Amino acid sequence: MVKLRLKRCGRKRAVYRIVAIDVRCRREGRDLQKVGFYDPIKSQTYLNVPLILQFLEKGAQPTETVYDILKRAEIFKEFRLNQTKFN
């Protein structure tokens, strides 16, 4: 199973990458693909929306924090629109 989760970068200043990673790997383990970037101090996010939608359609599960970030960016509205187009 694949999850969308945060991967910490930076030593003193916490900056996170949003990655698609296998559930059995640890947080800092090898990721399948980088799909975004999150800086909680500056409240900046960069999301590769088509790639995130592709992983969600294949069944990837976001963690709670990543779910909140995606919800704030209104990704799930686009995901639901894509779902209704195919059905």
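This structure is a prediction, so every number in the text was calculated from the model and none was measured.
At least one side-chain heavy atom of Ile41 sits less than 4.5 Å from a side-chain heavy atom of Arg13. Side chains of Asp68 and Pro62 form no contact here, defined as non-hydrogen atoms less than 4.5 Å apart. Residues Leu6 and Ile18 form a side-chain contact, since some pair of their non-hydrogen atoms from C-beta on lies under 4.5 Å apart.
No path of Ile, Leu, Val, Met, Phe, Trp and Tyr side chains, each step under 4.5 Å between heavy atoms, connects Val15 with Leu70, placing them in separate hydrophobic clusters. Using a 4.5 Å cut-off between side-chain heavy atoms of Ile, Leu, Val, Met, Phe, Trp and Tyr, with links allowed through other members, Phe55 and Leu53 fall into the same hydrophobic cluster. By the rule that hydrophobic residues join a cluster once side-chain heavy atoms approach within less than 4.5 Å of another member, Tyr46 and Leu56 end up as members of separate clusters.
One finds the CZ atom of Arg5 at 10.5 Å from the CG atom of Asp31 (value rounded to the nearest 0.5 Å). Atom OG in Ser43 sits 7.5 Å away from atom CZ in Arg72 (nearest 0.5 Å). Annotation: the span from Leu4 atom CG to Gln61 atom CD amounts to 9.0 Å, rounded to 0.5 Å. One distance of note links NZ of Lys3 with CG of Leu32; it measures 14.0 Å at 0.5 Å rounding. Rounded to the nearest 0.5 Å, atoms CD1 (Ile52) and CG (Leu47) are 4.5 Å apart. A distance of 8.5 Å separates CZ in Arg17 from CZ in Phe37, rounded to the nearest 0.5 Å.
Smallest separation of non-hydrogen atoms from Ile21 and Arg30: CG1-O, 3.6 Å. Taking every heavy atom of both residues into account, Pro40 and Ala14 meet most closely at CD-O, 3.5 Å. In this structure, Lys34 and Leu51 approach most closely via the heavy-atom pair O-CD2, 3.9 Å.
Residue-environment remark: CD (Glu64) stays at or below the threshold of 12 foreign heavy atoms within 6.0 Å.
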